[in-house]
S.K.: 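Sharing a structure below in structure tokens format, with a few things to ask.
Positions are given from 1 along the sequence. Counting starts at 1 for both ligands and their atoms, in listed order.
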Amino acid sequence: MALDLFEAPDYFKLDDLLTNEHKLVRDTTRNWVKKEVSPIIEESCQKAEFPKHLISGLADIGAFGPYIPANYGGAGLDQISYGLIMQELERGDSGIRSTASVQSSLVMYPIFKYGSEDQRNKYLPKLASGDMVGCFGLTEPDHGSNPAGMVTNFVDKGDYFLLNGSKLWISNSPFADIAIVWAKNENGRIKGLIVERGMEGFTTPETHNKWSLRASATGELVFDNVKVPKENLLPEKDGLGAPLGCLDSARYGIAWGAIGAAMDCYDTALRYAKERIQFGKPIGSFQLQQKKLAEMITEITKAQFITWRLGVLRNENKATSAQISMCKRNNVEIALDIARNARQILGGMGITGEYSIMRHMMNLESVVTYEGTHDIHLLITGLDITGLSAFS
Ligand code: TGC
Ligand code: FAD
């Protein structure tokens with residue numbers, strides 16, 4: 001990739017609403033991405049390899065469990081700092097943000113919120129330091145948008161639980177040390193289990209040939225009569241609301257992350273439009289290109305403000321799941337749209353790995369699907385405003 005010249009757009013001075021701590025956290029992550037991610041990410045994507053060597057650096061900048069209290073190894077930051085970290089990581093690459101979101105919101109969060117004190121002490125410090133990496137198994141081959149229909153199940157065998165079933169499309173599964181697995185008990189109630197690599201009957205085959213999120217490892221979780229110790233059950237919450245509660249936190253992070261990808265595409269296209277000469281003039285002087293750029297900065301600015309406001313509401317424990325859902329859907333949609341238009345501004349150069357735009361565009365095709373598809377989020381808003389469920 002060409003030299004990382006990124007300058008963040010801030011058209012309505014959102015910086016004035018951030019605290020010094022927010023800016024410090026954001027700038028630390030931004031500088032780390034410029035130094036560690038930008039120089040290697042294109043090659044990782046071309047080779048379809050997750051750059052595992054970044055794990056310790058992610059831990060050092062506090063990207064694993066930013067809002068988990070310090071006594072469990074987390075950074076003890078607020079929700080806006082968490083969001084800004086996700087924004088800056090996804091500015092680098094959605095796959096790197098994915099790894100941090102899964103570790104923070106889908107592995108550390110359920111252990112922190114629904115786990116026992118022993119489980120918190122056993123796993124959280126190692127997850128925060130990157131000595132242990134986790135993944136989150138909700139989706140199944142026949143149950144994606146409708147996780148309530150899951151068939152993965154466990155039976156109480158007295159000394160242990162016997163787990164059977166499989167999960168598909170699981171970020172980080174090929175190398176994760178532990179998996180938070182959602183499965184039904186004999187009564188059909190959904191519960192969370194901590195499954196550890198090395199347990200007999202537990203395998204994690206990798207999913208190959210992805211055109212999207214190529215710098216993130218994706219795979220399956222297969223459980224063939226796995227004996228899970230009873231102390232690995234998350235005791236404090238059950239039902240579908242338990243995994244969906246984790247998704248609230250992860251979807252919030254994605255809302256910020258998508259802004260990062262959009263900002264990078266806009267910034268790249270703006271710089272290119274000012275430098276590229278056709279018909280004796282910079283292409284940025286043509287009205288059609290200015291329209292694209294003007295619409296991009298407008299959408300980025302709107303996304304920045306709803307997302308900042310959502311962060312304030314989350315800090316006050318007032319944000320609703322439906323607000324988070326709207327923000328995730330909107331921001332990923334505008335980011336994809338911006339990536340597509342930015343790609344056009346670069347003409348043929350836009351399809352090359354010299355620039356980040358095509359990589360962002362391909363990544364965002366996963367982001368618009370995982371953590372609830374665009375359609376599912378429209379229906380969540382529909383339910384919230386009408387009181388009528390399209391699902392049942
Ligand atoms: P429904 O009847 O609406 O709800 C069941 C129970 O859950 C509660 N609930 C929530 N709780 C917390 N947060 C939320 N967002 C919640 N939404 C619902 C609800 O109150 C109820 O509780 P209770 O006590 O009454 O039982 O459930 P439903 O079966 O009708 O489904 C609703 C629907 C479709 C919105 C839900 O299933 C859904 O969101 N589907 C999308 C599935 C999804 O997002 N999967 C993501 C998998 S993980 C992933 O993609 C990780 S990618 C990671 C990366 O690499 O970054
Ligand atoms: P389906 O549910 O089969 O949907 C197919 C299409 O039908 C979609 O367009 C959808 O919007 C539409 N549709 C479905 N139901 C309705 C409806 N009621 N009304 C209108 N349209 C509908 N999952 C995990 O558990 N953990 C992970 O770490 C994880 N990581 C992922 C990483 C990647 C790269 C990808 C691509 C996915 C990942 N997922 C993960 C899975 C992801 O959450 C699912 O792909 C997603 O929830 C959609 O499920 P599905 O792919 O089965 O699509």
Side-chain angles (χ1 to χ4, degrees), residues 48 50 86 89-90 93-107 109-110 113-114 133-150 152 166-174 176 179-183 188-190 192 204 206-221 237-258 319-326 328-329 332 362-384 388-392:
F50 171 66
M86 297 300 126
L89 293 180
E90 193 143 3
D93 189 81
S94 304
I96 306 303
R97 194 271 306 137
S98 255
T99 293
S101 330
V102 169
Q103 183 90 334
S104 302
S105 289
L106 299 182
V107 179
Y109 178 86
K113 273 286 192 202
Y114 316 143
V133 176
C135 65
F136 177 90
L138 181 64
T139 306
E140 299 188 353
D142 294 329
H143 301 95
S145 297
N146 178 26
M150 70 173 66
T152 298
S166 67
K167 302 284 174 180
L168 187 64
W169 293 118
I170 307 304
S171 299
N172 298 346
S173 89
I180 303 294
V181 178
W182 300 96
R189 191 77 182 152
I190 294 172
T204 59
E206 183 158 0
T207 302
H208 295 289
N209 296 332
K210 292 179 299 171
W211 284 111
S212 174
L213 280 192
R214 288 172 63 82
S216 164
T218 314
E220 299 171 47
L221 302 173
K237 189 161 168 82
D238 53 18
L240 187 61
L244 292 180
C246 307
L247 292 183
D248 276 357
S249 180
R251 289 168 177 172
Y252 167 74
I254 291 176
W256 281 96
T320 66
S321 299
Q323 288 167 339
I324 296 166
S325 162
M326 177 189 279
K328 187 265 183 185
R329 169 177 55 83
V332 179
M362 303 291 267
N363 284 341
L364 288 163
E365 291 292 342
S366 285
V367 183
V368 77
T369 288
Y370 68 34
E371 305 265 5
T373 66
H374 184 81
D375 299 330
I376 291 297
H377 288 298
L378 282 170
L379 297 176
I380 290 172
T381 304
L383 165 60
D384 197 48
L388 305 169
S389 175
F391 305 113
S392 50

S.K.: At what distance is the nearest protein heavy atom to atom 16 (C) of ligand 2, and which residue and atom is it?
M.R.: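 Checked against all protein heavy atoms, atom 16 (C) of ligand 2 sits closest to Ile376 CD1, 4.1 Å.
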S.K.: Which atoms from ligand 2 have a heavy atom of Glu371 less than 4.0 Å away?
M.R.: 43 (O)
S.K.: With heavy atoms under 4.0 Å as the rule, classify the contact between His374 and ligand 2 as side chain, backbone, both or neither.
M.R.: neither
S.K.: Are the side chain of Glu140 and the backbone of Pro147 linked by a donor-acceptor contact shorter than 3.5 Å?
M.R.: no
S.K.: Between the side chain of Tyr114 and the main-chain N/O of Gly192, is any donor-acceptor distance below 3.5 Å?
M.R.: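 Checked: no pair found.
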S.K.: Could you tell me whether Lys210 atom NZ has more than 12 heavy atoms of other residues or ligands within 6.0 Å of it?
M.R.: yes
S.K.: Tell me, which protein residue and heavy-atom name are nearest atom 28 (O) of ligand 2, and how many Å apart are they?
M.R.: Ser171 N, 2.9 Å
S.K.: Return yes if some donor-acceptor pair links the side-chain N/O of Lys328 with the main-chain N/O of Gly372 below 3.5 Å, else return no.
M.R.: yes
S.K.: Can you report which non-hydrogen protein atom sits closest to atom 49 (O) of ligand 2, along with the distance?
M.R.: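 The answer is Gly144 CA, 3.3 Å.
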S.K.: Polar-atom distance check: Ser366 versus ligand 2, any N or O pair below 3.5 Å?
M.R.: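 No, Ser366 has no N/O under 3.5 Å of an N/O on ligand 2.
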S.K.: Can any side-chain N or O of Glu206 pair as donor or acceptor with the backbone N or O of Ala217 at less than 3.5 Å?
M.R.: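 Side chain of Glu206 to backbone of Ala217: no pair is present.
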S.K.: Between the candidates Ala217, Ser145, Ser212, which shows the shortest non-hydrogen contact distance to atom 14 (C) of ligand 2?
M.R.: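 Residue with the shortest heavy-atom distance to the ligand atom: Ser145.
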S.K.: How about Pro174 and Phe50: do any of their side-chain heavy atoms sit closer than 4.5 Å?
M.R.: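 Contact flag for Pro174/Phe50 side chains = no.
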S.K.: Under 3.5 Å, is there a donor-acceptor pair between the side chain of Thr381 and the main chain of His377?
M.R.: yes
S.K.: Could you go through ligand 1 and list every pair where one of its N or O atoms sits under 3.5 Å from a protein N or O, giving the atom names and the distance to one decimal?
M.R.:
| unit_1 | atom_1 | unit_2 | atom_2 | d |
| --- | --- | --- | --- | --- |
| ligand 1 | 7 (O) | Gly241 | N | 3.4 |
| ligand 1 | 13 (N) | Leu244 | O | 3.4 |
| ligand 1 | 13 (N) | Asp248 | OD2 | 3.2 |
| ligand 1 | 13 (N) | Ser321 | OG | 3.4 |
| ligand 1 | 15 (N) | Asp248 | OD1 | 2.8 |
| ligand 1 | 15 (N) | Ser321 | OG | 3.3 |
| ligand 1 | 39 (O) | Arg251 | NH2 | 3.0 |
| ligand 1 | 40 (N) | Ser145 | O | 2.9 |
| ligand 1 | 44 (O) | Arg251 | NH2 | 2.7 |
| ligand 1 | 44 (O) | Gly372 | N | 2.9 |
| ligand 1 | 50 (O) | Glu371 | N | 2.8 |
| ligand 1 | 55 (O) | Ser98 | OG | 2.7 |
| ligand 1 | 55 (O) | Ser171 | OG | 2.7 |
| ligand 1 | 56 (O) | Arg97 | NH1 | 3.3 |
| ligand 1 | 56 (O) | Ser98 | OG | 3.1 |
| ligand 1 | 56 (O) | Tyr370 | OH | 3.4 |

S.K.: Below the 3.5 angstrom mark, is there an N/O of Thr373, backbone or side chain, next to an N/O of ligand 2?
M.R.: yes
S.K.: Taking heavy atoms and a distance under 4.0 Å, where does Leu213 meet ligand 2: side chain, backbone, both or neither?
M.R.: side chain
S.K.: Does ligand 2 have an atom that lies less than 4.0 angstrom from a heavy atom of Thr369?
M.R.: yes
S.K.: I need the nearest protein heavy-atom contact for atom 19 (N) of ligand 2: residue, atom name and distance, please.
M.R.: Leu379 CD1, 3.4 Å
S.K.: State which residue, out of Ser105, Ser101, Ser98, fulfils the side-chain contact (heavy atoms from CB on, under 4.5 Å) condition with Met86.
M.R.: Ser101
S.K.: Under 4.0 Å from atom 3 (O) of ligand 2, is there any protein heavy atom?
M.R.: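 No; the ligand atom in question lacks any protein heavy-atom contact below 4.0 Å.
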S.K.: Carefully, step by step, assess Arg329 and Ile376 under the rule side chain to side chain contact (heavy atoms under 4.5 Å, CB included).
M.R.: CA-CA 9 Å; Arg329 169 177 55 83; Ile376 291 297; over 6 Å; no
S.K.: Would you mind checking which non-hydrogen protein atom is closest to atom 26 (N) of ligand 2, with the distance to 0.1 Å?
M.R.: Phe136 O, 2.9 Å
S.K.: Look at the side chain of Asn363 and the backbone N and O of Leu213, then say whether any donor-acceptor pair between them is shorter than 3.5 Å.
M.R.: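 Yes.
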S.K.: Would you mind running through ligand 2 and noting each atom that sits below 4.0 Å from a heavy atom of Leu138?
M.R.: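 Answer, ordered by atom number: 25 (O).
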S.K.: Quick one: does Ser389's side chain have a donor or acceptor within less than 3.5 Å of a partner on Leu383's backbone?
M.R.: no
S.K.: What are the atoms of ligand 2, with element, lying closer than 4.0 Å to any heavy atom of Ile170?
M.R.: 24 (C), 25 (O), 26 (N), 27 (C), 28 (O)
S.K.: N/O of Tyr370 under 3.5 Å from N/O of ligand 2, yes or no?
M.R.: no
S.K.: Measure the shortest side-chain to side-chain distance between Leu247 and Leu138 over non-hydrogen atoms and say whether it is less than 4.5 angstrom.
M.R.: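 Counting from C-beta outward, Leu247 and Leu138 do come under 4.5 Å.
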S.K.: Search all heavy atoms of Val367 against all heavy atoms of Val332 and return the closest pair with its distance.
M.R.: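 Smallest heavy-atom distance, with atoms named: CG1-CG2, 3.8 Å.
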S.K.: Is it true that atom CE of Met326 has more than 12 heavy atoms of other residues, nucleotides or ligands lying nearer than 6.0 Å?
M.R.: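 Counting other residues, nucleotides and ligands, CE of Met326 stays at 12 neighbours or fewer.
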S.K.: Quick check against the 3.5 Å criterion: does Thr152 have a side-chain atom that pairs as donor or acceptor with the backbone of Ser166?
M.R.: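 Yes, the answer is positive, given that a donor and an acceptor are paired below the 3.5 Å cut-off.
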S.K.: Can you check whether a protein heavy atom sits less than 4.0 angstrom from atom 7 (O) of ligand 2?
M.R.: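 There is no protein heavy atom less than 4.0 Å from atom 7 (O) of ligand 2.
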S.K.: Closer than 4.0 Å and a protein heavy atom, does any atom meet both conditions relative to atom 22 (C) of ligand 2?
M.R.: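 Neighbour list for atom 22 (C) of ligand 2 is empty of protein heavy atoms (cut-off 4.0 Å).
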S.K.: What protein heavy atom sits nearest atom 40 (C) of ligand 2, and how far off is it?
M.R.: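 In this structure, atom 40 (C) of ligand 2 has Trp169 O, 2.7 Å as its nearest protein heavy atom.
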S.K.: Is Asp375 in polar range of ligand 2, meaning some N or O pair under 3.5 Å apart?
M.R.: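 Looking only at distances, the answer is yes, because the N/O contact criterion of under 3.5 Å is met.
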S.K.: Output yes when a side-chain donor or acceptor of Ser212 lies under 3.5 Å from a complementary backbone atom of Met362, and no otherwise.
M.R.: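 Confirmed, Ser212 side chain pairs with Met362 backbone.
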S.K.: In the protein, what heavy atom is nearest to atom 24 (C) of ligand 2, and what distance, to one decimal place, separates them?
M.R.: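 Of every protein heavy atom, Thr139 OG1, 3.3 Å lies nearest to atom 24 (C) of ligand 2.
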